[in-house]
Q: 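Sharing a structure, written as structure tokens. Questions coming.
Everything quoted here is computed from the prediction, not taken from an experiment.
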Amino acid sequence: MKFRQFFHRYFTRDGRLSLMVGICLVPALVLTAFGNEQAGMIGVVGLLPATLAGISPRRRQRAAILVYGLVWVAAVWLGYFIKTHLNMVTAAALMAAIGAAAFFVSQRFRWAGVAFTVVVPVISLGLNYEAPKMPLAFTQGILPGSLLAFFVSLCFPEFEAPSGSPASQPPKANRQFPALYAAALATAVGIGYSWDHTGWEVSAVAYSMRPSQQMAKIRSVSRMAAVFIGASLASLLLLANPPPVVPVIVAAMLMVAGAGLHQSKANVTPAFMTFSSLVFMLFPTMDDTLVERKYFERILWVAIGLAVSCFYGLLLPWLRRRIMHRKGSADEERNL
């Protein structure tokens with residue numbers, strides 16, 4: 001009973017989206033069955049934007065899947081450009097400006113929430129890449145994957161939108177949050193700019209830091225847990241040196257499961273994103289030493305990013321409240 005209450009409190013199921021993603025994965029699995037495992041893995045990863053976009057209640061709104069796909073491709077390439085063409089100071093300043101602007105836009109226009117929840121995190125992911133190979137692979141998977149998902153989504157009947165969906169609610173206005181969010185992004189870029197996979201730290205900030213401190217706590221804890229689970233599954237699987245078809249099938253299964261839970265309050269998306277990205281990155285070689293190194297890097301880099309997020313999103317606001325409270329108490333004593 002307690003587990004059921006816990007599940008309903010933090011997790012939201014979406015069987016409709018799981019079915020759509022499962023149907024869209026068929027071409028990737030067919031390619032894998034015919035021996036083209038690399039193309040199959042690209043097909044699986046290419047459904048990430050469609051999975052996060054979900055199925056809108058009205059058919060005319062389902063073009064959002066295409067928009068998500070285009071935004072992902074553009075954001076990944078922008079992150080790649082920032083990493084490869086700008087120095088650390090300029091990159092940090094630009095990410096801070098993009099983060100603050102995205103939040104302000106999402107506050108002003110309800111339809112622009114994607115700028116805060118998708119654009120900034122995906123630009124952060126693009127910071128991982130110093131060669132065009134990976135952004136190009138993402139493009140090859142995302143564009144056809146999003147197009148296929150859009151047409152498949154039109155086959156589903158219209159339905160009433162669920163009320164109170166946590167993921168669909170825009171962030172509440174907060175006067176201090178944009179500055180803190182921008183500072184956190186800039187700090188994460190500064191810390192990890194000279195390391196491999198800078199985007200792991202920055203995306204941890206972008207995905208977990210929220211105006212609501214309760215939501216920030218939930219997303220930080222659940223993100224760390226999800227990244228640990230996804231990285232552990234990927235590493236154990238690759239260290240077992242299975243047939244090439246196995247990682248693709250497991251990634252597809254996790255994609256279907258993640259699609260059914262992506263609207264949850266808890267940040268479960270990183271589990272299948274971490275698994276898919278590590279398998280996608282290491283899939284051709286499966287070198288044991290490289291797998292172990294990337295596993296520990298992924299865990300450590302995300303932990304550092306979450307520490308930055310908690311410092312700016314939780315600790316500094318708490319200190320400000322304490323100072324204001326003491327100042328208010330002192331003023332009351334003087335007035336007595």
Side-chain angles (χ1 to χ4, degrees), residues 10 79 82-83 86-104 106-107 115-128 166 171-228 230-231 265-270 273-274 296-327:
Y10 294 107
I82 292 173
K83 177 67 174 179
L86 302 181
N87 60 38
M88 183 189 72
V89 175
T90 308
L94 182 57
M95 282 301 301
I98 291 173
F103 180 76
F104 280 122
S106 70
Q107 290 285 290
F116 177 68
T117 59
V118 176
V119 173
V120 179
V122 178
I123 292 174
S124 303
L125 293 176
L127 295 174
N128 285 324
K172 295 180 180 179
N174 185 308
R175 285 182 296 177
Q176 291 79 37
F177 181 78
L180 293 171
Y181 184 61
L185 290 173
T187 302
V189 172
I191 291 174
Y193 195 77
S194 60
W195 301 346
D196 289 338
H197 305 290
T198 307
W200 286 348
E201 300 99 324
V202 186
S203 62
V205 172
Y207 275 116
S208 63
M209 195 167 172
R210 292 294 182 266
S212 165
Q213 294 204 341
Q214 180 187 13
M215 184 61 72
K217 292 176 185 177
I218 293 172
R219 292 181 70 86
S220 296
V221 173
S222 57
R223 182 172 183 82
M224 192 71 252
V227 167
F228 176 78
K265 223 183 247 188
N267 194 11
V268 299
T269 305
M273 287 185 67
T274 297
F296 287 110
E297 282 182 1
R298 176 72 167 179
I299 300 295
L300 181 59
W301 280 201
V302 170
I304 292 172
L306 291 177
V308 172
S309 174
C310 290
F311 175 78
Y312 285 99
L314 299 176
L315 181 59
L316 289 186
W318 178 81
L319 289 174
R320 181 179 179 276
R321 287 196 304 270
R322 293 281 294 178
I323 293 171
M324 296 299 291
H325 177 72
R326 289 185 178 182
K327 183 180 179 182

Q: Taking side chain as C-beta onward, heavy atoms only, is Phe296 less than 4.5 Å from Leu300?
A: no
Q: Which pair of non-hydrogen atoms, one from Ala91 and one from Tyr193, has the smallest distance, and what is that distance?
A: CB-CE1, 3.7 Å
Q: Name the orientation class of the two ring planes belonging to Phe116 and Phe103 (parallel below 30°, tilted from 30 to 60°, perpendicular beyond 60°).
A: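 Correct class here is perpendicular.
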Q: Among all residues two or more places apart in sequence or in another chain, which pass the side-chain hydrogen bond (donor to acceptor under 3.5 Å, both in side chains) test with Thr274?
A: Arg298
Q: Do Pro270 and Tyr207 have side chains that approach each other closer than 4.5 Å (heavy atoms only, starting at C-beta)?
A: no
Q: Can you check whether Trp318 reaches Gln213 side chain to side chain, under 4.5 Å on heavy atoms?
A: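 Answer no - side chains too far apart.
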Q: Any side-chain heavy atom of Asn128 within less than 4.5 Å of one from Leu125?
A: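 A side-chain contact exists here, since the closest heavy-atom pair is under 4.5 Å.
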Q: Are the side chains of Pro317 and Leu180 in contact, using a 4.5 Å heavy-atom criterion?
A: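 Yes, at least one pair of side-chain atoms sits under 4.5 Å.
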Q: Decide yes or no for Leu314 and Lys217: does some side-chain heavy atom of the first lie under 4.5 Å from some side-chain heavy atom of the second?
A: yes
Q: Distance-only, no hydrogens or angles: does the Ser203 side chain make a donor-acceptor pair with backbone N or O of Ala206 under 3.5 Å?
A: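 No; judged by distance alone, with no hydrogens or angles, the pair does not exist.
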Q: Got Met209 and Phe177 here, is their nearest side-chain heavy-atom distance under 4.5 Å?
A: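 Touching, per the 4.5 Å side-chain cut-off.
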Q: Sort and list the pairs that fulfil side-chain hydrogen bond (donor to acceptor under 3.5 Å, both in side chains) and have at least one residue in residues 304-317, not counting sequence neighbours.
A: Thr187-Tyr312, Ser208-Ser309
Q: Could you walk me through whether Glu297 and Trp200 satisfy the side-chain contact (heavy atoms from CB on, under 4.5 Å) test, starting with their C-alpha distance in whole Å, then the side-chain angles of each, then the deciding distance to 0.1 Å, before giving a yes or no?
A: CA-CA 9 Å; Glu297 282 182 1; Trp200 286 348; 4.0 Å; yes
